[in-house]
> 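Structure below; questions to follow.
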Amino acid sequence: MSDSAITPVFVRLKLSLLRNGLRQSGGRKAAYIASAVCALLFAALQLIGLIALRGHAHAESVVVLAVAVLGLGWAVMPLFFPSGDETLDPTRLVMLPLRPRPLVRALLVASLVGIGPLFTLCLLIGSVVAVARGGAAFAVGVVAVVLALLVCVALARAVAAANVRLLTSRKGRDLAVLSGLVIAIGAQVVNFGAQRLGASGLGELDPAAAVLQWVPPASALGAVHAVGEGSYGLALAQLALTGGALAALLAVWSRHLTRLMTSPDGSTLPAAGTAARERTSTGLGRLLPAGRTGTVMERSLRYVWRDPKTKAAWVTSLAIGLIVPVFNAWQGTGSVYFACFAAGMLGIQMYNQFGQDSSAFWMVAMTISSTRDAYVELRARALALLLITLPYATLVTFVTTAMLGDWRRLPEALGLSFALLGAMLATGAWTSARFPYSIPQEGHKNVAPGQAGLAWISIFGGMIAAAVLCAPVIALTIWLNLSAEGDDWTWLLLPVGTGYAAALTAVGLRFAAPQTARRLPEILAAVSKG
């Protein structure tokens, strides 16, 4: 096969992969169609919004920043979603007699097939319409759209090729857990930025845009605006910068492809010494209680560190639990009571305790022969969770209080946080035994098909019950704050909330233990379904 004939073959291969993937199940087809419709609808609305921005004094700043963020998204996409596109793994082509340069060209063209490139194309076209003035600017805009689109795709491919050994290994896939953190932080940053822009206007974007107009692919759109202003030399320099970035990315991509095609894969083979050290390391075990309690605690903590799904849930909860109160305090709209968000997010981790074990729960079930065994198992899991949640919830409360300067309310905020955490531990232990469900080990789903109802009952039903259980402490807090002399006694909320939390946790574990011992076969069947 000639080099020129490779490109259409790869385009057909990409289309076949998309088509065959949709044939696997009706659910996957429905999810793909729904996501495609949402993405295209959002792209159309964005296109209309950019066109409406035409003639605005700060249109260039908005466009440059939008394209820069778009390029950043293309760069990090392969790291956070390595399984989103099967063609991102070039090691599947190692056995084919292909040279790097034709292969790069074929993969680049094939990469233009998909929802992502179409969304990017719509945004780029709308950006050109927003900033172009005159026929010359629109002519340059055509070149700018092509260059920016190719830079985005080449950037994603170069990043994927440079990290493909990592991304296809077990530990490398753990990078996907950062997506929850990035989304959580990004949402709050966007919210904060939108509020600042609403108060100060789009002129706040000008300093950042002045820098980013020299960063590809945003520099291509800067060239369109420069032509409209008559700065042809500036436009030529920005287009040349974008073209140079494309050439550099293609060269890096080609070099990594050559290395992947010709070198062995030793990235997943740990050194014998390292493996031996990991097997003999017992540092964590020495710090935990002896017997079954310490063993269960160590196993739960290792799940948090090693299991991708468990780690993803913890990273997301830790991030959001800190971001929500801190960002609100930073904006001057927060309250010390927002610190309870940390305890609430981390308390969710107590729900579906057996589901994280998946099919391995049968080994745990073999060790539970009585209500006492079930109680010790649940208590140890709750203690492992408390090792992280108690200091973290306390830290978030102190940070939020310090940012607001409202130290008088620190005891009551801590008391409420501890009471909420205790209520969620109690209800989480009970719902783990009564409404268990499986967590699939592969893919991005957190609930096995057909068990969504169980998950909703377990999590949201348990959270409602936890809120009801916290009602006495909440009512006491309100009464003390409304009372004329209550301010002198609000410090009591800390010991009251702490004691109430301990009592709730103990009672919840006592109620959950008989359920766990009696329903072991049903729990095992439910959590092994995925």
Side-chain angles (χ1 to χ4, degrees), residues 1-21 67 70-121 124 142-169 172 175 215-220 239-267:
M1 180 183 296
S2 64
D3 292 345
S4 60
I6 295 176
T7 301
V9 171
F10 271 77
V11 173
R12 290 197 297 271
L13 175 63
K14 179 66 177 288
L15 293 173
S16 297
L17 286 172
L18 290 174
R19 182 172 59 253
N20 293 336
V67 176
L70 182 69
L72 178 63
W74 276 93
V76 302
M77 179 186 66
L79 298 177
F80 292 148
F81 304 100
S83 59
D85 185 355
E86 294 87 345
T87 63
L88 284 173
D89 184 4
T91 57
R92 303 185 184 206
L93 309 173
V94 168
M95 301 303 294
L96 299 178
L98 301 172
R99 289 181 292 180
R101 184 167 296 180
L103 180 60
V104 166
R105 182 173 60 247
L107 287 173
L108 182 64
V109 176
S111 299
L112 299 175
V113 177
I115 300 174
L118 182 58
F119 176 86
T120 304
L121 181 63
L124 292 173
V142 175
V143 180
V145 167
V146 174
L147 283 176
L149 179 60
L150 292 178
V151 165
C152 289
V153 175
L155 180 59
R157 288 290 181 169
V159 171
N163 296 278
V164 69
R165 298 299 192 195
L166 174 66
L167 295 177
T168 54
S169 66
L175 280 171
V215 178
S219 55
L239 281 179
L241 181 62
T242 309
L246 176 60
L249 287 171
L250 293 177
V252 171
W253 183 12
S254 179
R255 184 169 66 252
H256 283 293
L257 277 179
T258 303
R259 186 180 303 166
L260 288 170
M261 298 292 185
T262 57
S263 62
D265 180 12
S267 62

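Since this is a predicted model, take the numbers as computed values, not measurements.
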> To check you understand the geometry: which heavy-atom pair defines the closest contact between R105 and T7, and what is its length?
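The pair with the smallest heavy-atom distance is NE-OG1, 4.1 Å.
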> Return the minimal non-hydrogen interatomic distance between V151 and L249, and the atom names on each side.
O-CD1, 3.7 Å
> Where the side chain of S219 meets the backbone of L241, is there a donor-acceptor pair that is under 3.5 Å apart?
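No, the answer is negative, given that no donor and acceptor are paired below the 3.5 Å cut-off.
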> S111 and R157: which non-hydrogen atoms are nearest, and at how many Å?
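Taking S111 first and R157 second, the nearest heavy atoms are OG-NE, 2.6 Å.
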> Taking side chain to side chain contact (heavy atoms under 4.5 Å, CB included) as the test, write out the residues that go with A245, two or more places apart.
P216
> Over all heavy atoms of both residues, which pair between A154 and L250 is shortest? Give the atoms and the distance, please.
CB-CD2, 4.2 Å
> Keeping the roles fixed (side chain from S16, backbone from R12), state whether a donor-acceptor pair exists under 3.5 Å.
yes
> Any heavy-atom pair between the side chains of L107 and W253 that's under 4.5 Å?
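Touching, per the 4.5 Å side-chain cut-off.
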> Which atoms form the tightest heavy-atom contact between A75 and V159, and what is the distance?
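So the two residues come closest at O-CG1, 3.5 Å.
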> Can you tell if the side chain of F10 reaches within under 4.5 Å of the side chain of P102, non-hydrogen atoms only?
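Counting from C-beta outward, F10 and P102 never come under 4.5 Å.
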> With R101, which residues qualify under side chain to side chain contact (heavy atoms under 4.5 Å, CB included), at least two apart?
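Checked R101 against side chain to side chain contact (heavy atoms under 4.5 Å, CB included); zero matches.
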> Applying the side-chain contact (heavy atoms from CB on, under 4.5 Å) test to L246, which of L155, V146, L147 qualifies?
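Of the listed options, the one satisfying the test is L147.
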> If you define the side chain from C-beta out and look only at heavy atoms, does anything of L103 sit under 4.5 Å from I6?
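Sidechains of I6 and L103: no contact.
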> To check you understand the geometry: which heavy-atom pair defines the closest contact between C152 and P217, and what is its length?
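Looking at all heavy atoms of both residues, the shortest contact is SG-CG, 3.9 Å.
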> Distance from L121 atom CG to L149 atom CG, nearest 0.5 Å?
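With rounding to 0.5 Å, CG (L121) is 6.0 Å from CG (L149).
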